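Only one structure is covered here, and it is reproduced in the block below.
On a predicted model such as this, the values are computed, not experimentally measured, just so you know. Counting starts at 1 for both ligands and their atoms, following the listed order.
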Amino acid sequence: MTEYQGKSAFSGVAIGKIYVFSKGESIIRRTRIEDKEAEKKRFDDAKDLAKEQLNGLYEKAMKEVGETSAAIFEAHRMFLEDPGYLDSVYSMIANEGINAEFAVATTGDNYAEMLAAMDDDYMRARAADVKDVSNRVISILQGVSANGLDSDEPVILLADDLAPSETVQFDKSKILSFVTRHGSMNSHTSILARMMGIPSLITVDYDASTVNGKMGIVDGYKGILIVEPDDDTIAKYQAQKEEDDQKKQLLQSLKGQKNVTLDGHEINVYANIAGPKDIGSVLDNDAGGIGLFRSEFLYLESDTYPTEDEQYEAYKKVVQMMAGKDVIIRTLDIGADKQCDYFNLDKEENPALGFRAIRICLKRPEIFKTQLRAIYRASYFGSVGIMFPMITSVDEVRQIKKIVEEVKAELDSEGIEYGDVDLGIMVETPAAVFESFELAKEVDFFSIGTNDLTQYTLACDRQNPNLTDFADPHSPAVLKAIQMTIENGHKGGAWVGICGELGADTELTETFLRMGVDELSVSPSRVLAVRDAVRKVDLSKYY
Ligand code: PEP
Ligand code: MG
């Protein structure tokens with residue numbers, strides 16, 4: 001049993017098989033081994049697992065693409081039964097005392113060279129196959145998968161780091177937990193893990209060559225990854241998991257209840273989503289609406305600018321599924337850690353302070369207008385709000401409103417109907433906090449983005465894991481900024497919500513309610529916990 005200490009990005013317990021995800025090319029080093037029999041056995045195990053994987057791929061391909069394409073996997077499997085190939089690997093291990101990875105790589109290269117030199121076209125084409133299958137075995141030996149997530153059972157997924165665009169590509173039903181070597185609490189992978197409600201760890205320095213395929217436990221309370229736990233440990237964590245599940249059930253009993261404090265003050269508790277596929281968990285958790293639809297994920301999931309119609313379909317789906325409940329769509333927040341290659345943005349020294357979010361939209365209005373048209377068209381089907389990220393001045397809001405009016409005029413002239421859309425801004429820069437009274441007069445609502453507000457107020461890059469001890473979102477500076485925004489927002493006639501991660505921190509629910517917050521928008525998995533916390537607050541003691 002080995003323990004790796006990291007930091008928790010989302011609490012809870014996950015128990016299951018570990019899967020190390022690798023995106024890069026692996027380097028195969030030649031090393032001397034002492035125990036040749038054990039090394040042969042290691043190769044045999046890897047070879048058997050590779051054959052199992054190939055059988056699975058063969059079956060899948062037969063079903064999905066037919067026999068001709070499936071045959072490739074059978075050819076790969078046959079290499080792993082070829083006596084010449086196997087003898088070559090065994091004898092290198094036995095005679096030269098080298099590691100299995102190197103023996104497989106050398107055998108694969110030799111075979112590929114030999115096949116490539118043949119006269120027969122068919123045999124020449126097999127050169128690539130033998131390299132492919134050798135790489136599969138090497139990946140297994142190195143404890144990584146080079147081919148993305150190809151496990152059938154749900155796994156604890158380990159990775160060096162995951163970009164938001166990679167995280168969204170995984171089949172969520174196959175992920176029990178995310179564990180990354182790098183990353184930070186406010187990185188979007190952590191946010192997505194919270195959104196999915198699965199335990200997640202960051203800054204875990206695991207040993208990729210020994211943990212892949214092993215049984216593991218993620219303790220999202222203590223931030224620990226346990227590899228090959230003993231029976232007592234498994235029993236302890238199973239009990240903890242059952243307790244968690246019961247608590248979740250209890251929270252389910254809150255469904256349909258109002259979010260009202262003991263002294264009768266009611267607020268909205270909404271959910272944050274990244275796209276239509278999150279709606280299931282929004283409905284499961286009985287959120288009152290969508291307080292933040294991070295629309296940039298539609299862009300991150302695509303290889304090119306999503307068209308107006310593609311966006312319209314996505315927004316419409318969400319609006320229709322929310323059946324009249326509020327849906328607040330944030331316009332694209334690309335830039336900083338959310339990079340889209342096809343935007344062709346310059347590389348920047350300080351991307352968090354760079355050309356991002358609304359700044360891109362104002363400078364490239366054709367992209368902005370396409371998105372606004374799609375949102376306005378979808379607004380016809382329900383109750384839609386639009387909010388704009390990274391605002392720093394009244395002037396920006398006026399420019400935005402002018403573009404919004406142009407879009408509405410275009411739709412009018414085309415006879416396209418749309419709903420009555422409220423406009424709001426994200427308050428996530430200190431400038432917006434200081435200008436909050438003036439800004440409130442321009443818009444219908446504010447949504448405080450505490451993730452970026454913490455970053456910019458405390459001058460702590462939210463992606464930098466070394467700053468975790470400094471980026472304290474409970475800092476009085478951040479709390480005062482929130483208080484000021486709520487007070488000024490109300491004075492200027494705007495309602496004020498919080499959609500950053502801090503909104504889900506139930507230690508602060510009472511504080512936020514005392515400040516007069518009107519809405520808290522949190523990951524779907526946190527909705528019920530926040531609602532429970534709201535219902536326990538009694539503000540009358542402060543009257
Ligand atoms: C925030 O900054 O708090 C926020 C909600 O936006 P994001 O995390 O997507 O930057
Ligand atoms: Mg933000």
Closest non-hydrogen atoms of Arg526 and Ala504, given as atom of the first, atom of the second and distance, are NH2-O, 2.8 Å

Given the options Asp505, Leu508, Ile482, Val427, Thr450 meets side chain to side chain contact (heavy atoms under 4.5 Å, CB included) only with Ile482

For a quick test of your reading: what N or O donor-acceptor pairs under 3.5 Å do the side chains of residues 341-352 make, sequence neighbours left out?
residue	atom	partner	partner atom	Å
Tyr342	OH	Tyr299	O	2.7
Tyr342	OH	Thr304	O	3.4
Glu348	OE1	Phe355	N	3.4
Glu348	OE2	Phe355	N	2.8

Any heavy atom of Asp333 under 4.0 Å from ligand 1? The part involved is side chain

Taking every heavy atom of Glu410 against every heavy atom of Arg373, the minimum-distance pair comes out as OE1-NH1, 3.1 Å

Judged by atom type as modelled, is there a donor-acceptor pair below 3.5 Å linking the side chain of Gln311 to the main-chain atoms of Glu308? no

_Could you go through Tyr315 and Phe293, starting from their C-alpha distance and side-chain angles, then the distance that decides it, and tell me whether this counts as ring-ring contact (aromatic ring centres under 6.0 Å, His included)?_
CA-CA 9 Å; Tyr315 303 140; Phe293 179 164; 5.6 Å; yes

Quick note on ligand 1: atoms under 4.0 Å from a heavy atom of Arg462 include exactly 2 (O), 7 (P), 8 (O), 10 (O)

Near Gly500 (heavy-atom distance under 4.0 Å), the atoms of ligand 1 are 3 (O), 5 (C)

Counting heavy atoms under 4.0 Å, the part of Arg330 that contacts ligand 1 is side chain

For Cys499, the atoms of ligand 1 under 4.0 Å from one of its heavy atoms are 5 (C)

| said: Quick one: does any side-chain atom of Lys222 pair with a main-chain N or O of Ser8 as donor and acceptor, under 3.5 Å? | reply: no

request  = Look at ligand 1 and say whether Gln455 reaches it with a heavy atom at a distance under 4.0 Å.
outcome  = no

Can a donor-acceptor pair be found, under 3.5 Å and without considering hydrogens, that links the side chain of Asp422 to the backbone of Gly385? no

Taken to the nearest 0.5 Å, the spacing of Asp518 CG from Phe512 CZ works out to 13.5 Å

Glu428 heavy atoms within 4.0 Å reach ligand 1 at atoms 1 (C), 2 (O), 6 (O)

Closest to atom 2 (O) of ligand 1 by heavy-atom distance, out of Ile448, Asp452, Val427, is Asp452

Hits for side-chain contact (heavy atoms from CB on, under 4.5 Å) against Thr261, two or more places apart or cross-chain, chain-then-number order -> Asp263, His265, Leu513, Val534, Val537

The atoms of ligand 1 lying under 4.0 Å from a heavy atom of Lys338, numbered in the order shown, are 9 (O)

The answer for which part of Glu501 has a heavy atom under 4.0 Å from ligand 1 is neither

Sequence neighbours excluded, the answer for side-chain contact (heavy atoms from CB on, under 4.5 Å) partners of Val282 is Ala271, Ile273, Ala287, Ile290, Met322, Pro524

Within 4.0 Å of some non-hydrogen atom of Met426, the atoms of ligand 1 are 4 (C), 5 (C), 6 (O)

Counting from 1 in the order shown, the ligand 1 atoms closer than 4.0 Å to a non-hydrogen atom of Leu292 are 5 (C)

Note, the Mg ion (ligand 2) has protein N, O or S atoms under 2.8 Å numbering 2

Under 4.0 Å between heavy atoms, the region of Met390 that gets near ligand 1 turns out to be neither

Any donor-acceptor pair under 3.5 Å linking the side chain of Asp444 with the backbone of Leu423? yes

